[in-house]
Amino acid sequence: MEHIVIIGNGVAGVTLARHIRKKSDSKITIVSAEHEFYFSRTALMYVFMGHMKLEHTQPYENDFWKKNNIDLIQGLVTSVVPDQKEILLENDTKISFDKLVLATGSKPNKYGWPGQDLKGVTGLYHKQDLESLEEWAPTAKRAVIVGGGLIGIELAEMLRSRDIAVTFLVREASFWSGVLPFGESQMINRHILEHHIDLRLDTNLVEITSDENGRVKSILTDKGETIECEIVGLTAGVSPNIAFLKGSGIELDKGIKVNRYLETNIKDIYAIGDCAEQQQAIDQRRPIEAVWYTGRMMGETLAQTLTGTPTKYSPGHWFNSAKFLDIEYQTYGWVWAKAKENEEHFYWEHDSGKKAIRIAFDKKDHTFLGINTFGIRMRHEFFDAVLTKKETVEYVIANLATANFDPELYTTYNQAIQKQFISQFATKQN
């Protein structure tokens with residue numbers, strides 16, 4: 001019987017195991033050094049804030065693996081030996097495989113800051129991070145968060161929910177300005193400040209200092225300022241968790257190099273999820289995508305290949321969603337922080353400063369390219385179809401009522417958006 005070994009118990013690895021089992025009686029083993037059972041990482045903040053219990057973050061009952069004849073082994077993999085077709089665990093256990101899938105996910109970035117491994121320093125990725133925060137929060141008066149992305153703002157919201165003062169260091173001149181265009185970035189800056197978060201733009205961490213017990217005492221910024229704190233959140237992005245593969249012969253760059261079939265350079269070894277790096281980027285996507293839904297899609301795709309139906313990974317049109325405190329954000333298609341030479345941007349923001357949309361479209365033929373929405377929920381199916389059919393921006397503007405996902409009794413802003421679009425672009429079309 002073929003033995004498929006999966007390293008990693010996140011959404012990519014578990015989705016793969018589940019879909020293989022639907023079609024095959026192969027022996028499946030999942031090896032993980034983290035939580036015994038798969039859980040939703042995106043739900044960690046809601047556990048901390050009291051909206052959920054940890055068991056609610058587990059999509060499957062604890063006996064799901066046993067019922068589906070999937071073996072779970074808790075242990076840290078220290079090396080892969082392709083020639084022997086085996087993996088080696090920290091406790092010197094060897095596990096042989098016929099097919100190996102690397103689904104090792106990401107690790108929070110650390111940039112060699114002095115003091116980055118002190119007690120009181122954490123990321124927000126692992127279950128252990130949540131446990132550390134629970135331990136430290138009751139006595140913490142101030143936290144400093146380093147890194148202005150989605151995980152950073154989640155951690156800020158979590159800590160504020162416990163009445164812990166938060167200073168937020170963002171190295172860019174405006175929040176998430178590498179992704180968000182100026183208008184939206186400025187809107188989120190204001191929103192962060194309104195939530196009593198001490199936002200420090202254009203500011204970098206230099207050093208984390210400790211007390212006599214090896215705990216965080218304060219941080220030093222590149223502006224020469226010392227900020228006393230008990231918790232430091234390092235949320236300056238993530239990178240593929242692949243250090244244990246160096247010297248294995250598996251081709252690595254920033255991640256594990258794979259082709260469209262998610263195969264590495266070594267036969268019978270594959271990679272999926274956050275740790276996988278496409279040899280050639282798909283459409284305008286990044287070669288590495290640390291996104292929940294792409295991990296799930298890779299798991300579903302590779303399961304087809306491993307059960308006899310070779311299938312290319314085709315993630316479709318880009319989309320994503322998140323929350324900036326209490327402003328919901330969605331994006332479909334491509335809206336760059338700065339419009340490209342062939343692009344025009346239409347931006348509408350409500351007087352409240354809490355709702356906005358930005359639409360990118362082609363200057364010449366007005367083909368719709370993408371949309372950002374803030375505080376107005378839109379239908380995924382609508383924009384997926386629009387992008388596939390290459391509809392015009394005028395079509396999208398005319399059909400905003402169809403695109404809108406908000407319930408019937410919610411205030412809609414379609415007419416205001418349409419009116420502004422016509423006033424901005426009607427003269428250009430004539």
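This chain uses plain numbering: 1 for the first residue, then up along the sequence. The structure displayed is predicted, hence computed values, not measured ones.
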How many angstroms lie between [atom1] in [X] and [atom2] in [Y], if you round to the nearest 0.5 Å?
X      : Y      : atom1 : atom2 : value
Tyr270 : Leu262 : OH    : CG    : 9.5 Å
Glu394 : Asn399 : CD    : CG    : 11.5 Å
Asn241 : Ile7   : CG    : CD1   : 10.0 Å
Tyr395 : Thr402 : OH    : OG1   : 7.0 Å
Thr29  : Leu100 : OG1   : CG    : 11.0 Å
Lys27  : Ile70  : NZ    : CD1   : 11.5 Å

Identify, with sequence neighbours excluded, every residue that meets side chain to side chain donor-acceptor pair (under 3.5 Å) alongside Asp163. none
Side chains of [X] and [Y]: do they bring a donor and an acceptor to under 3.5 Å?
X      : Y      : answer
Glu251 : Thr264 : no
Asp274 : Ser106 : yes
Thr167 : Asp198 : yes
Ser26  : Ser24  : yes

Applying the side chain to side chain contact (heavy atoms under 4.5 Å, CB included) criterion to Leu169, which one of Val232, Thr235, Ile219 satisfies it?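 With Leu169 as partner, Val232, Thr235, Ile219 yield a single side chain to side chain contact (heavy atoms under 4.5 Å, CB included), made by Ile219.
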Worked verdict on Gln278 versus Lys257 for side-chain hydrogen bond (donor to acceptor under 3.5 Å, both in side chains): CA-CA 6 Å; Gln278 291 289 324; Lys257 301 289 276 188; over 6 Å; no
Is the side chain of [X] donor-acceptor paired with the backbone N or O of [Y] at a distance under 3.5 Å, no angle test?
X      : Y      : result
Asp253 : Gly255 : no
Ser185 : Phe182 : no
Arg377 : Tyr329 : no
Thr15  : Ala12  : no
Asp129 : Tyr125 : yes
Thr412 : Asn414 : no
Asp365 : Thr367 : yes
His195 : His191 : yes
Gln420 : Tyr347 : yes
Asn265 : Gly249 : yes

Just jot down the side chain to side chain contact (heavy atoms under 4.5 Å, CB included) partners of Glu157, sequence neighbours excluded, or say none. Met45, Met49, Leu325
Please find out if less than 6.0 Å separates the ring center of [X] from that of [Y].
X      : Y      : result
His317 : Phe383 : no
Phe382 : Tyr332 : no
Phe368 : Phe361 : no

Is Lys363 salt-bridged to Glu343, going by a charged N under 4.0 Å from an acidic O?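 Judged by the 4.0 Å cut-off on N to carboxylate O distance, Lys363 and Glu343 do not form a salt bridge.
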Looking at Glu328 and Lys354, is there a salt bridge between them, counting it only when a charged N and a carboxylate O are closer than 4.0 Å?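 Not counted as a salt bridge, because no side-chain N and carboxylate O are separated by less than 4.0 Å.
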Return the orientation label for the [X] and [Y] ring planes: parallel under 30°, perpendicular over 60°, tilted otherwise.
X      : Y      : value
Phe425 : Phe421 : tilted
Phe324 : Phe175 : perpendicular
Trp318 : Trp334 : parallel

Apply side-chain contact (heavy atoms from CB on, under 4.5 Å) to residues Ile231 and Val144 and explain how you reach the verdict. CA-CA 6 Å; Ile231 296 173; Val144 174; over 6 Å; no
Is [X] atom [atom1] crowded by more than 12 heavy atoms from other residues, nucleotides or ligands, each under 6.0 Å away?
X      : atom1 : answer
Lys390 : NZ    : no
Arg260 : CZ    : yes
Asp283 : CG    : yes
Lys389 : NZ    : no
Lys22  : NZ    : yes

Just list the side-chain donor-acceptor pairs under 3.5 Å for residues 78-89, sequence neighbours left out, or say none.
residue, atom, partner, partner atom, Å
Thr78, OG1, Leu88, O, 3.1
Lys85, NZ, Asp98, O, 2.9
Lys85, NZ, Asp268, OD2, 2.6

Heavy-atom pair of closest approach, residues Ala337 and Leu180: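 The answer is CB-O, 3.8 Å.
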Contact list for [range], test salt bridge (Lys or Arg N to Asp or Glu O under 4.0 Å), sequence neighbours left out:
range            : answer
residues 103-112 : Lys110-Asp117
residues 297-319 : Arg296-Glu300
residues 171-193 : Glu184-Arg358, Arg190-Glu349

Take Asn320 and Thr331, measure what side-chain hydrogen bond (donor to acceptor under 3.5 Å, both in side chains) needs, and give me the verdict at the end. CA-CA 5 Å; Asn320 204 2; Thr331 186; over 6 Å; no
